[in-house]
*Asks:* 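Before I ask anything, here is the structure I am working with.
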Amino acid sequence: MDKRIKMSEQDTAFHDHFTLHREYQNNHADISQAAAKVSIAGESVESKGFVSLVGAGPSDPDLLTVKALRAIQQADVLVYDRLVSQEIIALANPDAEHLYVGKRCGFPSLSQEAINDLLITKAKQGQYVVRLKGGDPLIFGRGGEEGLALTQQGIPFEFIPGITAAIGCAASSFIPLTHRKVSRSVTFITGHVVTGALPAWSMLASEGQTLVFYMGLEKAIEIETGLLQAGLAATTPVAVVTHGCSPLQQVYVDQLDGLQALAHKLKGESPALLIIGDVVTLRAELKATIVGSQSELAACS
């Protein structure tokens with residue numbers, strides 16, 4: 001009996017995706033030459049390029065993954081967001097075409113459909129396209145939407161994960177998102193869809209967990225009101241991290257019933273991340289040793 005494992009059609013397609021991308025990475029030749037050697041789900045991918053949907057992490061180039069850096073350096077076309085730092089852009093292939101597609105609330109920007117079309121158009125020209133996103137492409141990054149658009153056009157692609165803002169900002173702020181006997185879970189929420197009537201407020205207001213709101217500063221009123229009405233204590237610690245993981249980073253600590261006032265003070269600051277929960281109280285103790293060491297070094301210099 002033949003005991004060899006037979007790959008499914010989906011597995012074969014994925015293997016061909018990987019073969020196409022690896023050939024391009026190894027040779028950095030015209031991707032159409034590599035594409036001519038493989039097929040995906042029985043269909044030729046000749047003349048089609050390849051797209052990497054890449055997480056750039058939280059602005060610090062030292063936090064890029066090795067795979068992300070390699071993709072950035074090999075890209076023919078770099079399609080990047082507002083939250084990708086210039087230090088990371090500077091690492092790109094100097095001959096690459098740079099296309100900015102950043103979004104910011106209240107400012108004109110390309111629609112998601114237009115960005116999808118751009119990726120498809122460039123890939124169909126046989127180019128290696130790197131779609132570079134702040135954080136991770138699959139956490140509030142619309143990576144899934146772009147992946148589906150590419151799939152519908154038969155264009156091979158991959159996801160390259162990045163350090164999401166919640167993880168990066170928590171580490172750079174000395175705030176553990178989970179901690180034994182303090183927080184047993186963490187929930188990531190996008191502030192863009194928050195309203196005072198959100199049915200899930202009662203679930204978010206339970207004790208023993210950490211809440212992280214992405215892009216939540218502009219929705220501070222709704223967040224404070226919703227959580228207070230759902231029963232979360234007014235004294236629950238809150239940290240707002242602005243420009244996380246960059247030289248401009250600032251951390252502001254308050255409590256839940258002071259969030260609106262703090263947000264008013266920080267109006268216009270972006271990007272900003274909200275961390276809500278008792279883990280915020282650990283920041284002072286965790287940071288004390290670092291601050292003390294820095295003071296000692298300064299005294300000895």
Side-chain angles (χ1 to χ4, degrees), residues 58-59 81-83 102-109 111-112 133-136 139-142 164-170 172-179 182-246 248-284:
S59 83
D81 281 347
R82 179 176 67 89
L83 297 181
K103 297 177 181 293
R104 184 168 183 178
C105 184
F107 291 82
S109 59
S111 67
Q112 185 59 54
K133 300 168 173 287
D136 182 273
I139 298 181
F140 307 130
R142 302 190 181 186
T164 187
I167 305 299
C169 291
S172 63
S173 302
F174 295 88
I175 300 174
L177 295 181
T178 62
H179 191 80
V182 178
S183 174
R184 59 184 176 272
S185 66
V186 58
T187 303
F188 298 164
I189 311 110
T190 172
H192 279 178
V193 298
V194 169
T195 67
L198 185 67
W201 283 124
S202 58
M203 296 175 60
L204 297 177
S206 61
E207 295 182 354
Q209 68 170 324
T210 305
L211 306 178
V212 181
F213 285 88
Y214 287 64
M215 303 162 287
L217 201 58
E218 295 175 350
K219 295 290 185 179
I221 295 175
E222 290 87 347
I223 293 170
E224 177 181 326
T225 303
L227 292 174
L228 288 175
Q229 290 181 347
L232 197 61
T235 55
T236 301
V238 173
V240 176
V241 184
T242 62
H243 305 284
C245 299
S246 80
L248 299 177
Q249 174 176 301
Q250 293 292 328
V251 182
Y252 304 87
V253 177
D254 208 309
Q255 57 188 41
L256 182 58
D257 61 1
L259 179 58
Q260 293 184 43
L262 180 57
H264 181 73
K265 175 184 175 182
L266 299 176
K267 186 176 181 180
E269 290 286 345
S270 178
L273 188 88
L274 277 60
I275 303 176
I276 301 176
D278 289 336
V279 290
V280 174
T281 62
L282 298 169
R283 166 179 156 79

*Asks:* Show your working on side chain to side chain contact (heavy atoms under 4.5 Å, CB included) between Met215 and Leu217 and close with a plain yes or no.
*Replies:* CA-CA 6 Å; Met215 303 162 287; Leu217 201 58; over 6 Å; no

*Asks:* Check the pair Ile189 / Val212 against side chain to side chain contact (heavy atoms under 4.5 Å, CB included), numbers first and verdict last.
*Replies:* CA-CA 6 Å; Ile189 311 110; Val212 181; over 6 Å; no

*Asks:* So which heavy atom on Ile223 is nearest to which on Trp201, and how close?
*Replies:* CA-CH2, 3.6 Å

*Asks:* Please confirm whether the backbone N or O of Ser172 pairs with a side-chain atom of Gln249, one donor and one acceptor, at under 3.5 Å?
*Replies:* yes

*Asks:* Is there a donor-acceptor contact under 3.5 Å from the side chain of Ser183 to the main chain of His179?
*Replies:* no

*Asks:* Could you please spell out the steps behind the side chain to side chain contact (heavy atoms under 4.5 Å, CB included) verdict for Thr178 and Arg184?
*Replies:* CA-CA 6 Å; Thr178 62; Arg184 59 184 176 272; over 6 Å; no

*Asks:* Between the main-chain N or O of Gln260 and the side-chain N or O of Glu224, is there a donor-acceptor pair closer than 3.5 Å?
*Replies:* yes

*Asks:* Report all side-chain donor-acceptor pairs from residues 231-243 shorter than 3.5 Å, counting only partners two or more places apart or in another chain.
*Replies:*
| unit_1 | atom_1 | unit_2 | atom_2 | d |
| --- | --- | --- | --- | --- |
| Thr236 | OG1 | Ala233 | O | 2.7 |
| His243 | NE2 | Glu269 | OE1 | 2.9 |

*Asks:* Who passes side chain to side chain donor-acceptor pair (under 3.5 Å) against Asp81, sequence neighbours left out?
*Replies:* Arg131

*Asks:* With rounding to the nearest 0.5 angstrom, report the CE to CG distance, Met203 to Leu211.
*Replies:* 11.0 Å

*Asks:* For the residue pair Ala263 and Ala220, what are the closest heavy atoms and their distance?
*Replies:* CB-CB, 3.3 Å

*Asks:* Looking only at heavy atoms, what is the nearest atom pair of Ala205 and Ala230, with distance?
*Replies:* CB-CB, 3.6 Å

*Asks:* Please round to the nearest 0.5 Å and tell me the distance separating atom OG1 of Thr225 and atom CG of Leu256.
*Replies:* 9.0 Å

*Asks:* Under the ring-ring contact (aromatic ring centres under 6.0 Å, His included) rule, collect the residues that match up with Tyr252, sequence neighbours excluded.
*Replies:* none

*Asks:* Between Lys133 (side chain) and Gly141 (backbone), is there a donor-acceptor pair under 3.5 Å?
*Replies:* yes

*Asks:* Partners of Tyr214 by ring-ring contact (aromatic ring centres under 6.0 Å, His included), sequence neighbours excluded?
*Replies:* Phe140, Phe188

*Asks:* If you look only at distance, which donor and acceptor atoms sit under 3.5 Å apart when one is on a side chain in residues 273-283 and the other is two or more places apart or in another chain?
*Replies:*
| unit_1 | atom_1 | unit_2 | atom_2 | d |
| --- | --- | --- | --- | --- |
| Thr281 | OG1 | Asp278 | O | 2.6 |
| Arg283 | NH1 | Ser173 | O | 2.8 |

*Asks:* To check you understand the geometry: which heavy-atom pair defines the closest contact between Thr210 and Leu177, and what is its length?
*Replies:* OG1-O, 2.6 Å

*Asks:* Going by the rule side chain to side chain donor-acceptor pair (under 3.5 Å), which residues pair with Glu207 if we only count those two or more places apart in sequence or in a different chain?
*Replies:* none

*Asks:* Any chance you could measure Ile167, atom CD1, to Cys245, atom SG, to the nearest 0.5 Å?
*Replies:* 10.5 Å

